[in-house]
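Heads up: the structure comes next, in structure tokens.
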There are 2 protein chains.
Amino acid sequence: MTGPATPPSTPSSAASGTPVDFTSGPPDGAPQLRADAARNRSRLLDAASQLLTEQGPERLTMDAVACAAGVGKGTVFRRFGDRSGLLLALLDHREHEFQGAFLGGPAPLGPGAPAVDRLHAFGPALIRHESDHHELILASRKDPLRPYAAPPYRLRHTHVAMLLREAGSGPDPEYLAHTLLGATDTALVHHLTKAGGRTFEQLEANWHDLVSRFTGPGA
Amino acid sequence: MTGPATPPSTPSSAASGTPVDFTSGPPDGAPQLRADAARNRSRLLDAASQLLTEQGPERLTMDAVACAAGVGKGTVFRRFGDRSGLLLALLDHREHEFQGAFLGGPAPLGPGAPAVDRLHAFGPALIRHESDHHELILASRKDPLRPYAAPPYRLRHTHVAMLLREAGSGPDPEYLAHTLLGATDTALVHHLTKAGGRTFEQLEANWHDLVSRFTGPGA
DNA sequence: AATCTAAGCGGACCTTGGTCCGGTTGTTCG
DNA sequence: CGAACAACCGGACCAAGGTCCGCTTAGATT
């Protein structure tokens with residue numbers, strides 16, 4: 001440790017935008033984190049979060065984050081693998097919120113409503129979520145194959161496929177789920193709203209149209 | 001010009017895989033190319049093509065291409081903008097072949113057949129085309145937003161949207177076209193066939209299913 | 001408390017995409 | 001043909017992601 005150490009207590013809370021507590025790392029995945037490692041992890045996430053809200057994703061270099069956290073560069077890469085990993089980790093908290101909403105939140109997005117209704121509710125929520133974090137999401141997309149293998153996409157896919165199956169969508173709900181998710185891809189939505197002149201309302205209407213076609217008389 | 005100049009005649013023909021003549025640059029887009037610039041351009045494409053078939057996309061560094069072409073690095077960037085640009089230029093020839101097939105080739109892919117039939121024919125052709133060049137296509141995807149703004153995607157989108165409109169697909173054929181193209185995205189197809197255990201036949205069947213849903217009774 | 005070990009650390013180092021600018025060379029026009 | 005100009009060339013240079021390895025230290029064991 002070289003840089004000026006921050007006070008040992010409450011090392012968290014992001015800069016301005018939206019304070020998120022990074023002190024509690026995910027106890028799953030990684031078996032356990034040594035005390036200093038956990039501390040550095042949250043320092044790094046704090047620093048990254050701050051740099052992000054202050055200067056945007058393009059200025060978020062690994063050196064800058066390491067330096068701002070008072071940590072060596074190697075530490076950043078060891079903890080997060082690569083730049084995308086750091087960005088994704090930054091997104092993780094929001095991602096869990098969204099997951100909680102459609103897995104266990106109030107109906108019709110959460111359980112309790114008919115599958116078709118949940119499906120209709122899912123699109124707008126997803127579009128909203130991705131749009132809220134499009135900067136981070138787009139910045140983390142260096143490898144076009146990676147998203148499909150990552151937990152967020154897999155979970156959404158499983159969820160949508162289950163609802164489609166439950167709603168009786170036809171022979172291959174898994175593929176239809178990919179199609180539905182593709183239709184709300186962050187990059188596409190961003191393109192359509194920024195360069196294509198579409199509004200969110202139109203995109204939502206299109207989602208509903210798609211869901212209708214996929215759950216209507218076509219089984 | 002520093003490196004050992006290749007014989008002045010017939011500077012083209014790729015290494016092994018599939019010889020493509022790069023001597024004729026696109027007379028559109030760029031107003032005109034000075035003689036030496038055109039020569040260097042085709043040398044670079046030749047060198048890149050050779051490196052590609054010999055060692056795969058990941059070994060295709062800009063330095064290596066410049067060196068192999070006997071040209072300075074700056075020349076590569078001036079001509080192609082960035083790495084993706086070079087990769088896309090490498091793909092351009094094949095892209096034009098594919099475009100010719102669905103714009104002016106034999107029916108049912110080309111004109112002459114009913115819109116629905118052309119739509120059904122388009123999917124398999126597209127999947128085949130993208131799969132054939134998935135290495136290049138995936139390697140060129142660094143910026144997730146770029147594909148939507150690039151000519152190949154725009155042309156496909158216009159084409160599919162037109163066919164959908166012609167087939168009477170409903171209120172927003174443009175969006176349905178995006179959905180259809182998203183369902184055959186190179187990365188998705190690659191993911192499904194490599195990690196998802198799908199076969200091309202299944203993907204084609206799914207395409208036909210989607211087209212049916214989009215052109216069936218839903219206007 | 002002393003010891004031992006594996007996890008962690010940091011920053012020098014490498015690679016590679018991308019920029020810049022002084023010198024060179026086609027091309028055109030008188 | 002010769003001058004003038006714009007396009008072009010090349011490689012030194014920079015930034016940023018990613019790797020490596022010798023040193024440090026948390027935390028378990030006795």
Side-chain angles (χ1 to χ4, degrees), chain A residues 1-5 8 25 29-45 47-48 51-52 55-90 139-143 146, chain B residues 1-6 8 25 29-44 47-48 51-52 55-90 139-143 146:
Chain A
M1 214 65 63
T2 307
Q32 197 67 6
L33 229 43
R34 225 170 69 174
D36 52 349
R39 177 173 45 82
N40 282 344
R41 183 189 141 91
S42 71
R43 274 189 192 170
L44 283 167
L45 286 172
L51 282 183
L52 190 68
Q55 312 188 334
E58 60 282 353
R59 310 267 311 188
L60 192 98
T61 72
M62 301 303 264
D63 288 284
V65 173
C67 179
V71 161
K73 195 177 179 180
T75 302
V76 193
F77 283 92
R78 192 176 332 98
R79 194 59 54 209
F80 299 103
D82 58 10
R83 200 180 114 100
S84 291
L86 173 61
L87 264 20
L88 259 4
L90 232 28
S140 75
R141 295 265 174 96
K142 208 196 81 161
D143 174 8
R146 185 164 172 169
Chain B
M1 213 66 63
T2 309
T6 51
Q32 197 68 6
L33 229 43
R34 224 170 70 175
D36 53 348
R39 178 172 45 82
N40 281 345
R41 183 189 141 91
S42 72
R43 275 189 192 172
L44 283 167
L51 282 184
L52 190 68
Q55 311 187 334
E58 60 281 351
R59 310 267 311 190
L60 192 100
T61 72
M62 302 302 265
D63 287 285
V65 173
C67 179
V71 161
K73 194 178 177 179
T75 303
V76 192
F77 282 93
R78 190 174 336 97
R79 194 58 54 209
F80 300 103
D82 58 9
R83 200 180 113 101
S84 291
L86 173 61
L87 264 19
L88 258 7
L90 232 28
S140 75
R141 295 263 176 97
K142 211 196 82 160
D143 175 6
R146 185 162 170 171

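By convention in this document, chain letters (A, B, ...) are assigned in the order of the sequence lines, proteins followed by strands, and residues within each chain are numbered from 1.
- Across D/dG10, D/dC8, D/dG17, the shortest atom-to-atom separation from the side chain of B/R34 is found for D/dC8.
- Closest to the side chain of A/K142, from the set D/dG18, C/dG17, D/dA16, is D/dG18.
- Nucleic acid contact for A/R79: sugar-phosphate only, since backbone atoms but no base atoms lie under 4.0 Å from a heavy atom of the residue.
- Distance, B/R41 CZ to D/dA7 P: 18 Å, rounded to whole Å.
- Closest to the B/M62 side chain, of the nucleotides C/dG17, D/dG17, C/dA7, is C/dG17.
- Computed from coordinates, the B/E58 CD to D/dG18 P distance equals 16 Å when rounded to whole Å.
- When the nucleotides D/dG27, D/dG18, C/dT27 are ranked by their closest atom to the side chain of A/A35, D/dG27 comes out on top.
- Using a distance-only test at 3.5 Å, with no hydrogens or angles considered, a donor-acceptor pair links the side chain of B/S84 to the main chain of B/S140.
- When the P atom of D/dG17 is taken as reference, atom CG of A/L86 falls 10 Å away, rounded to whole Å.
- Comparing C/dG8, D/dG17, C/dG26 against the side chain of A/R78 picks out C/dG8 as the nearest.
- B/R78 pairs by the salt bridge (charged side-chain N to carboxylate O under 4.0 Å, His left out) definition with nothing, not counting sequence neighbours.
- In the set C/dG18, C/dC9, D/dC9, C/dC9 carries the atom at the smallest distance from any side-chain atom of A/D36.
- Rounded to a whole Å, the CG atom of A/D63 is 11 Å from the P atom of C/dA12.
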Residue pair A/R79, A/N40: steps toward the side chain to side chain contact (heavy atoms under 4.5 Å, CB included) verdict: CA-CA 9 Å; A/R79 194 59 54 209; A/N40 282 344; over 6 Å; no
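- Of all non-hydrogen atoms in A/L86 and A/F80, the two that sit nearest each other are N-CB, 3.7 Å.
- Atoms CD (A/Q32) and C1' (D/dA26) sit 13 Å apart, rounded to a whole Å.
- Separating the NZ atom of B/K73 from the C1' atom of C/dT15 is a distance of 9 Å, rounded to the nearest angstrom.
- For A/F77, the side chain to side chain contact (heavy atoms under 4.5 Å, CB included) criterion is met by A/M62, A/K73, not counting sequence neighbours.
- A/R83 comes within 4.0 angstrom of the backbone, heavy atoms only, and of no base.
- The nearest whole Å value for the distance from the CZ atom in A/F80 to the P atom in C/dG10 is 14 Å.
- A/N40 has no side-chain polar atom (N or O) that falls below the 4.0 Å cut-off from OP1 or OP2 of C/dG8.
- Considering only the side chain of A/F77, D/dG17 comes nearest among D/dG17, D/dA6, C/dG17.
- Straight-line distance from the CZ atom of B/R43 to the P atom of D/dG10: 9 Å, rounded to whole Å.
- Considering only the side chain of A/T75, C/dC9 comes nearest among C/dG17, C/dC9, D/dA16.
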